[in-house]
Amino acid sequence: HLYLLAGQYKIIPPDKSVTGVIGKGVILPCQLNVKIIPERLYVQWIFTGNSKRIDVTTYDGKNTHNPVHEDETYQGRTKFFQSEFNKGNMSLHLKNVMLSDKGKYTCSVFFENWYDGMMVNLDVAAKGDESSVFLDGRVGRGIGLTCKSQGWFPEPKVVWLNSKGQTRKEAVTTQSTKTSSGVFDVVSSMNLEPGSDKEVSCRVVNNHLNAMCESRVLISDVFFPSTSPWMTAFLVILFLNIAVIAAIGYKL
């Protein structure tokens, strides 16, 4: 930091990076260690990332008519807490977070012959849609199950669980697809064999947000293929009943 008027003011650096959720707002902290500061100051927020440098927004206290200037890239998405400037709060409210907002933000504060600045690292994440489990039909003696969910960032983890909440032992195939907007859609599949635990849960996890969604299904025995005599007899009777009903309908 550069101090031209040493010891009078100082920006308190954040103790950790900030995570913004795509589509929601986030606060980029910038706090001075004083409760009251002069109103005639200049505050600047600069973004650096993706090989770009953008003057996100500035506040010029000397411009009493229009003190705030916002870059067109962030038009309508930034806001100072002007009513809290006298408490040293130079933080920035960034609205409707986008994936492209990920990067480093520098808060610089100028007042007369004093200057200080500090950097905030903004991570970006997204919790996707609720997962859904689908029955794909028969696969050998068992049935295929597929779990789908969309809109995650970063790439999520998919876990299949049994009725006890334990990871299932069946082989699982999971594919993540990065969409044009940069978020991930996931599709995961497994085969459920006869005799195995028929309560199945698909859990999609974003460890960065400590967030997850889960879908649970209970598979009935009737979905499994069977060659037992009673099943054959049942199908024969069913077909005969259908034929009789069709014949009656035809006569009517």
Side-chain angles (χ1 to χ4, degrees), residues 14-29 47-52 73-74 77-78 92-105 119-140 142-193 196-220 223:
D15 55 0
K16 59 182 179 180
S17 63
V18 177
T19 298
V21 178
I22 294 176
K24 297 185 178 181
V26 67
I27 304 298
L28 302 178
F47 167 80
T48 51
N50 304 319
S51 302
K52 294 186 297 184
T73 308
Y74 290 84
R77 294 204 297 128
T78 66
L92 187 69
H93 181 195
L94 179 60
K95 308 172 186 177
N96 188 25
V97 172
M98 304 177 182
L99 187 58
S100 57
D101 292 334
K102 177 181 172 65
K104 298 184 183 300
Y105 290 79
M119 185 176 291
V120 180
N121 186 60
L122 176 63
D123 288 329
V124 174
K127 180 181 181 294
D129 299 335
E130 291 298 319
S131 58
S132 299
V133 177
F134 302 91
L135 273 65
D136 292 333
R138 298 178 178 179
V139 180
I143 58 174
L145 299 175
T146 295
C147 176
K148 297 181 180 180
S149 186
Q150 299 177 328
W152 294 83
F153 190 86
E155 184 176 352
K157 180 181 180 182
V158 180
V159 183
W160 292 85
L161 306 172
N162 60 20
S163 60
K164 298 180 180 179
Q166 300 169 337
T167 303
R168 300 191 68 97
K169 297 180 181 180
E170 291 89 349
V172 173
T173 301
T174 301
Q175 181 178 0
S176 296
T177 303
K178 192 174 185 178
T179 67
S180 57
S181 61
V183 297
F184 290 89
D185 297 344
V186 291
V187 178
S188 184
S189 300
M190 62 161 282
N191 294 334
L192 188 66
E193 297 296 331
S196 57
D197 188 341
K198 296 180 181 63
E199 185 173 321
V200 182
S201 296
C202 172
R203 179 180 294 173
V204 186
V205 182
N206 183 330
N207 289 322
H208 194 73
L209 280 179
N210 194 26
M212 70 174 186
C213 66
E214 183 174 321
S215 290
R216 182 175 300 175
V217 294
L218 181 61
I219 309 300
S220 173
F223 288 100

*Is there a side-chain contact (heavy atoms from CB on, under 4.5 Å) between Glu214 and Leu161 once you walk through the steps?*
CA-CA 10 Å; Glu214 183 174 321; Leu161 306 172; 4.3 Å; yes
*Does the side-chain contact (heavy atoms from CB on, under 4.5 Å) test come out yes or no for Asp101 and Leu94, once each step is laid out?*
CA-CA 9 Å; Asp101 292 334; Leu94 179 60; 3.9 Å; yes
*Take Val124 and Ile22, measure what side-chain contact (heavy atoms from CB on, under 4.5 Å) needs, and give me the verdict at the end.*
CA-CA 7 Å; Val124 174; Ile22 294 176; 3.4 Å; yes
*Before giving the answer on side-chain contact (heavy atoms from CB on, under 4.5 Å), spell out for Glu170 and Asn191 the whole-Å C-alpha distance, their side-chain angles and the decisive distance to 0.1 Å.*
CA-CA 7 Å; Glu170 291 89 349; Asn191 294 334; over 6 Å; no
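A donor-acceptor pair is defined here as one N or O able to donate and one able to accept, closer than 3.5 Å; such a pair exists between the side chain of Ser149 and the backbone of Asp129. For Asn121 (side chain) and Val18 (main-chain N/O), no donor-acceptor pair under 3.5 Å exists by modelled atom type. Between the side chain of Asn206 and the main chain of Phe153, a donor-acceptor pair closer than 3.5 Å is present. The main-chain N or O of Asn96 is found under 3.5 Å from a side-chain atom of Arg77 such that the two form a donor-acceptor pair.
Salt bridge annotation for Asp197-Lys164: absent, with no cationic side-chain nitrogen under 4.0 angstrom from a carboxylate oxygen.
Using modelled atom types and a 3.5 Å distance limit, the side chains of Ser132 and Ser215 yield no donor-acceptor pair.
Going from atom NZ of Lys169 over to atom CD of Glu193 covers 15.0 Å, rounded to the nearest 0.5 Å. Rounded to the nearest 0.5 angstrom, Leu209 CG and Thr19 OG1 are separated by 7.0 Å. Between atom OG1 of residue Thr179 and atom CD of residue Gln150 there is a gap of 9.0 Å, rounded to the nearest 0.5 Å. Between atom CG of residue Leu145 and atom CH2 of residue Trp160 there is a gap of 5.0 Å, rounded to the nearest 0.5 Å. Between the CG atom in Asn162 and the NZ atom in Lys198 there is a gap of 13.0 Å [rounded to 0.5 Å]. We find the NZ-CG distance between Lys104 and Leu122 to be 10.5 Å, quoted to the nearest 0.5 Å.
Other residues, nucleotides and ligands place no more than 12 heavy atoms under 6.0 Å from the CD atom of Gln175.
Smallest separation of non-hydrogen atoms from Ala125 and Pro154: CB-CD, 4.3 Å.
Contacts of Phe184 classified as ring pair (Phe, Tyr, Trp, His ring centres under 6.0 Å), with partners at least two apart in sequence or in another chain: none.
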